[in-house]
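First the structure, in the form of structure tokens, and then the observations on it.
Below, chains carry the letters A, B, ... as their sequence lines are ordered, and counting in each starts from 1.
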Amino acid sequence: MRIVIVGNGPAAVAAAETIRDLDGGCGIVMVSQESVPFYSPCPLAEYVEASVPRAHLFLRPESFYRDLGIETRFGLAATAVDSAARKLTLGSGAAATQLEYDRLLIAAGARAVMPPLPGLADTPGVFALKTLADAEGILARLAQVRRAVVIGSGFIGLEAAQALVRKGVAVTVIEAMGQVLPQMLDAELAALVESRLREHGVDVRTNSAAQAVLGGAAGVAAVKAGGVDIPCELVVCAAGVRPDVAWLAGSGIATAAGVLVDDRMATNLPGIYAAGDIVETNDSLGQRRVIGNWPNAVNGGRIAGLNMMGVERRYRGLDGINVVRIFDLPVSSFGGRDGERSLCRKEGGHMRKLALRNGRIVGGQFYGDVNGTGLYHELMNKGVDVGSFEDELLAPGFGIGRLMPQPPLPLRRAA
Amino acid sequence: MEKSIFTFIEKCVACKGCEIACAVEHSSDKTLFGALADNPRPRQRVRVEAAGAYSYPARCQHCQEAACIAACPMGAMTRDPDTHAVYVDSHKCVGCWMCVMVCPFGGVSADPVAKKAHKCDRCPERTAVGLDPACVAACPTKAMVFATPEEIAELRRQATAAAAAGIATTPVASSVAAWRTMKGGA
């Protein structure tokens, strides 16, 4: 049996390891557009600011693929799937080759969104911060950079802004919406984040949509946003990420925003599975979503690997969790903000909020202190009715102990 | 199976001796006075929480399918191949707090000073020489017991049988040591 995996990120590697664990003999081929071994994209901003050494990005030893008997086809883009013939096409035109598979895993990830602004695609000095190549591009250019503009204030944008500030660059963050972290926080918490960014020297401009990137062959000179030219020598475009599904058009694999999979990570076509940032599937509350993050990739990759080998395991759903540090201060959220009511506790410059609906937690936001977030997240996932103790939820000392089953009184000797 | 920490919440009297013993064990010279002199002060990895009519020394459960290990994008959350305890390789941890987000028990916390994930490591230096973890050793009521699941199951069976026969029972936790002696085990 031959397993072909498109991708070389956490979902792909988790699946490959799971499959190899179950079957020492099957063929495994991993295809990746990037030419580097498996690395973690999460600390790329820390790599740019030099707090994480390059070697720490690579989470497996150099001998990983050899040790697991994995054949690699790196530096090659998968371009088409012929599900009837069970063949994957790599490359295009005369250089195209085909790879036969018995089971296929699509874990090609997501791409940085590059909005169609004049000058964005072709001016030197414009980068995303999604891949190792992006980070190395920024690093290579840094010596000639005094000022930078970050387009977008999602967590990648804010991480990039901090890294550049720490490198001594004057940073402007422009955000089209009225607040930073619009996907993650409500306006009240976002205002705290904005003031902390400003305290650390970041020029934050909300309600400021990028209109054009100005410059020429020598490099970027400014970003035009909200009618103003913001001079800079570097642009980081952090306008979000999107599943990389364009190449699957015509394959018959059902896609919407991402590749649609069921709770076994199976697509609509037999033998074809998907996992990682590319999938669109139910979250833990049963809503179909695309949520790219590391835990979802690893857990989905594992579930895919098991089901591909005939071990039935069902995924409990994507976790909508976010965590970012704003100049070392942790900020996190999970779930949604569309509760009927919200609980809020402010203490020592920190803020914690929970959204409730029908006596259940449907989301949370935390600024400054994220401890215990996992417990609230689990209460949401399990649909626990917290109505009877909701006034205790955000009180200090609340913990798993509150949820312990009460043992009966100790046994007494029979009279 | 290997030993792990079992908790009998009906015996916990919330004295917080486990918290102090844990902090001391994770201090530079492992003495109370040394721990007080440490800067930053060592932080405990067990927290006594209110549990209705009882109290509960909460800590990492060292889960078999640990959400924190899957969630760590730095490969820093690691399982010891010998003891199966889950610990943080602080050299690799960058303090992204994904582990804090996914632990359903609140067993991992963010250390605001060291900026590293902070959790129970089940005292590898103590268990390597046959000692119980510091919290277990310090517990005056034996609300925590370091034993194998088989040992606990056998004790529960004996307690149930004794109760059914109307015999006064010895509390499970305090009789682990006696049971091990009886069996001639460690």
- Task: State whether the side chain of A:R302 and the backbone N or O of B:A70 hold a donor-acceptor pair below 3.5 Å, judged by distance alone.
- Result: no
- Task: Tell me, out of A:G374, A:P53, A:G372, who's got the most heavy-atom pairs with chain B below 4.5 Å.
- Result: A:G374
- Message: Testing A:K382, A:H377, A:E378 one by one against B:P104 for a side-chain contact (heavy atoms from CB on, under 4.5 Å), which residue passes?
- Response: A:E378
- Task: Give me the one residue out of B:E49, B:Q61, B:R47 that meets side-chain contact (heavy atoms from CB on, under 4.5 Å) with A:I400.
- Result: B:E49
- Looking only at heavy atoms, which two atoms of A:M404 and B:I9 are closest? And how far apart? CB-CD1, 4.1 Å
- Worked verdict on B:K92 versus A:L59 for side-chain contact (heavy atoms from CB on, under 4.5 Å): CA-CA 10 Å; B:K92 290 182 182 165; A:L59 303 188; over 6 Å; no
- Query: Can you name the one residue among A:P295, A:P41, A:S40 that meets side-chain contact (heavy atoms from CB on, under 4.5 Å) with B:P73?
  - Reply: A:S40
- When the 4.5 angstrom heavy-atom criterion is applied to B:C103 and chain A, the contacting part is backbone
- Starting at CD1 of A:I321, measure out to CH2 of B:W97 and round the result to the nearest 0.5 Å. 15.0 Å
- Message: Counting only heavy atoms from other residues, nucleotides and ligands, does the tally under 6.0 Å from CZ of A:F155 exceed 12?
- Response: no
- Donor-acceptor contact present, side-chain A:N371 to main-chain B:S109, <3.5 Å: no
- Message: If I take atom SG from residue B:C93 and atom NE2 from residue A:H56, how far apart are they, to the nearest 0.5 angstrom?
- Response: 11.5 Å
- For B:M74 and A:C42, what are the C-alpha separation, side-chain angles and deciding distance, and is it a side-chain contact (heavy atoms from CB on, under 4.5 Å)? CA-CA 8 Å; B:M74 296 308 298; A:C42 301; 5.7 Å; no
- Message: Is A:V370 in contact with chain B via its backbone, its side chain, both, or neither, using a 4.5 Å heavy-atom distance?
- Response: both
- Message: For A:R60, which atoms come within 4.5 Å of any heavy atom of chain B: side chain, backbone, both, or neither?
- Response: neither
- Looking only at B:G75, B:A50, B:A58, B:P57, the option with the highest number of non-hydrogen pairs under 4.5 Å against chain A is B:A50
- Counting only heavy atoms not in B:E125, do more than 12 fall under 6.0 Å of its CD? no
- Task: Would you mind checking if A:R313 and B:E65 are paired as a salt bridge, meaning a charged N to carboxylate O distance below 4.0 Å?
- Result: yes
- Test B:M101 against every option in A:D319, A:N293, A:V323, A:N322 by the side-chain contact (heavy atoms from CB on, under 4.5 Å) rule and name the one that passes. A:V323
- Which one of B:G95, B:G107, B:G106 has the most heavy-atom pairs closer than 4.5 Å to chain A? B:G95
- Note on the structure: Honestly, the part of A:F398 sitting under 4.5 Å from a heavy atom of chain B is backbone
- Non-hydrogen atoms of chain A under 4.5 Å away: do they reach the side chain of B:H91, the backbone, both or neither? both
- Message: Which one wins on heavy-atom pair count under 4.5 Å against chain B: A:D328, A:N299, A:L57?
- Response: A:D328
- Can you tell me if CD on B:E2 sees more than 12 non-hydrogen neighbours from other groups inside 6.0 Å? yes
- Find the one option among B:P112, B:A71, B:C99 whose heavy-atom pairs under 4.5 Å with chain A are most numerous. B:A71
- Item | Residue B:C72 versus chain A: region with a heavy atom under 4.5 Å | backbone
